[in-house]
Participant: 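My questions all concern the structure below.
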Amino acid sequence: MDVALTTRLIGTGPRAAAEAADHLRAGGLIAFPTETVYGLGADAANAGAVARLYQAKGRPAFNPLIAHVVDLAAARDRAVFNPDAMRLAEAFWPGPLTLVLPKTRACDVTALATAGLDSVAIRVPRHPFAHAMLRAFGGAVVAPSANRSGHVSPTTAAHVLADLDSRINLIVDGGGVDVGVESTIVACLDTPTLLRPGGVARETIEAVLGHPLAIATSDSERPRAPGMLTSHYAPRALVRLDAITVAPREALLAFGPPLAGRPRAMLNLSPSGDLVEAAAHLFGHLRQLDADGAATIAVMPIPHYGLGEAINDRLRRAAA
Ligand code: TXA
Ligand code: MG
């Protein structure tokens with residue numbers, strides 16, 4: 001299923017940021033140094049590129065990703081900052097803090113990268129190369145750690161190469177990283193809540209806020225393991241999986257040649273049966289069919305290999 005790519009390894013020379021930005025514009029995948037760990041970047045606004053990113057990591061689960069932006073202004077285009085969020089951004093950006101915030105209406109981070117949630121995780125990295133690349137690219141870059149799923153986060157370009165050679169377009173070798181653990185994640189949706197400990201100590205954050213952080217409880221937002229969340233996008237409609245027929249009062253989420261019948265609404269994840277294309281459309285199509293108002297969304301069977309495994313995982317959660 002996977003297409004072998006030629007992975008170029010370059011240093012952080014004067015042309016590196018422009019070359020990385022070119023790959024991002026073309027929908028490519030690039031590994032780059034940040035101050036925490038190496039990230040695997042894709043254009044946050046390009047659903048196809050984000051789908052390929054999940055595929056490159058292997059055993060994909062469509063966990064929501066962090067959008068990396070060049071500065072606070074770029075972050076405010078995409079996320080709504082309450083006073084606590086402003087205080088934290090001013091104190092810790094650029095740096096190893098990620099804020100989970102409500103998306104703005106104009107937010108261009110594709111629904112696949114936010115796992116269909118109304119919130120977006122956003123951070124301004126302080127690594128000089130990451131900063132130069134974001135400046136050269138001009139948009140948001142989603143980047144999970146640049147390792148195969150289930151492996152530890154990479155802190156050198158050699159770690160990245162060992163995991164992702166021939167699965168991504170470019171690795172930018174910036175030497176060793178500074179922090180070595182991932183960013184601290186704080187949600188500022190209502191009460192500021194620690195979602196993941198990381199590169200900024202909790203005490204330091206609490207000193208800026210002037211009060212303790214809430215800790216997410218295990219059955220709500222708290223990641224069960226790094227990168228795993230139990231919260232997920234839930235449609236209002238009933239979701240009926242593995243549909244082999246469709247009724248006129250139902251909406252149909254098709255995959256490949258659609259079922260016979262006249263559903264009240266129909267969107268196709270991939271008319272040609274391509275799982276990468278299907279992943280790119282998953283959350284957007286679900287939302288659109290849900291908004292159409294059908295009581296039930298019938299979903300055609302999705303094969304259970306490649307990105308199909310993650311698509312089926314998300315569909316099962318949506319149906320639960
Ligand atoms: O240091 C870092 O943060 C690195 C570098 C590359 O920047 N990135 C990183 O990304 O660690 P990743 O994908 O491994 O972790 C993203 C975390 C996941 O635990 C995910 O569940 C959480 O962010 N997350 C993303 N969006 C979220 C949202 N809307 N609500 C709650 N959690 C979210
Ligand atoms: Mg990770």
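Just so you know, ligand 1 is whichever comes first in the structure, and atom 1 is the first atom listed for that ligand.
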Participant: Given Thr36, Leu40, Ile185, Val141, which has its nearest heavy atom closest to atom 22 (C) of ligand 1?
Facilitator: Ile185
Participant: Side chain, backbone, both or neither: which part of Thr114 has a heavy atom under 4.0 Å from ligand 1?
Facilitator: neither
Participant: Does ligand 1 come near enough to Arg196 that some N or O of the ligand is less than 3.5 Å from an N or O of the residue?
Facilitator: yes
Participant: Check whether any side-chain N or O of Arg196 sits under 3.5 Å from a backbone N or O of Ser183 as a donor-acceptor pair, and report yes or no.
Facilitator: yes
Participant: Please list, in number order, the atoms of ligand 1 under 4.0 Å from a heavy atom of Leu195.
Facilitator: 31 (C), 32 (N)
Participant: Go through the steps for Arg123 and Thr36 under the test side chain to side chain donor-acceptor pair (under 3.5 Å), then give the verdict.
Facilitator: CA-CA 12 Å; Arg123 91 172 180 98; Thr36 57; 3.3 Å; yes
Participant: Using a strict cut-off of less than 4.0 Å between a Lys/Arg side-chain nitrogen and an Asp/Glu carboxylate oxygen, indicate whether Arg236 and Asp290 qualify as a salt bridge.
Facilitator: yes
Participant: Is there a heavy atom of Asn63 sitting under 4.0 angstrom from any atom of ligand 1?
Facilitator: no
Participant: Are side-chain N/O atoms of Ser145 and Asn147 paired as donor and acceptor at under 3.5 Å?
Facilitator: yes
Participant: Are Asp178 and Arg126 ion-paired here, with the side-chain N under 4.0 Å from a carboxylate O?
Facilitator: yes
Participant: Run Arg264 and Asp292 through salt bridge (charged side-chain N to carboxylate O under 4.0 Å, His left out) and show every step you take.
Facilitator: CA-CA 9 Å; Arg264 51 178 284 160; Asp292 177 72; 3.2 Å; yes
Participant: Could a heavy atom of Ser145 be found less than 4.0 Å from some atom of ligand 1?
Facilitator: yes
Participant: For Val186 versus Leu88, what's the shortest heavy-atom pair and its separation?
Facilitator: CG1-CD1, 4.1 Å
Participant: Hey, is Val100 touching ligand 1 through its side chain, its backbone, both or neither, going by heavy atoms under 4.0 Å?
Facilitator: side chain
Participant: Evaluating non-hydrogen atoms only, which member of Gly39, Ala143, Ala67 is closest to atom 8 (N) of ligand 1?
Facilitator: Ala143
Participant: Provide the number and element of each atom of ligand 1 under 4.0 Å from a heavy atom of Ala121.
Facilitator: 25 (C), 26 (N), 27 (C)
Participant: Any N or O of Ser119 that comes nearer than 3.5 Å to an N or O of ligand 1?
Facilitator: yes
Participant: With atoms numbered from 1 as shown, which atoms in ligand 1 lie under 4.0 angstrom from a non-hydrogen atom of Pro144?
Facilitator: 10 (O), 12 (P), 13 (O)
Participant: Please determine whether ring pair (Phe, Tyr, Trp, His ring centres under 6.0 Å) holds for the pair Phe129 and Phe32, giving the CA-CA distance in whole Å, both sets of side-chain angles, and the decisive distance to 0.1 Å.
Facilitator: CA-CA 8 Å; Phe129 177 80; Phe32 64 100; 7.0 Å; no
Participant: Are any N, O or S atoms from Asn147 nearer to the Mg ion (ligand 2) than 2.8 Å?
Facilitator: no
Participant: Can you find an N or O of His68 that's nearer than 3.5 Å to an N or O of ligand 1?
Facilitator: yes
Participant: May I have the step-by-step check of side chain to side chain contact (heavy atoms under 4.5 Å, CB included) for Val177 and Thr34, ending in yes or no?
Facilitator: CA-CA 7 Å; Val177 298; Thr34 81; 5.9 Å; no
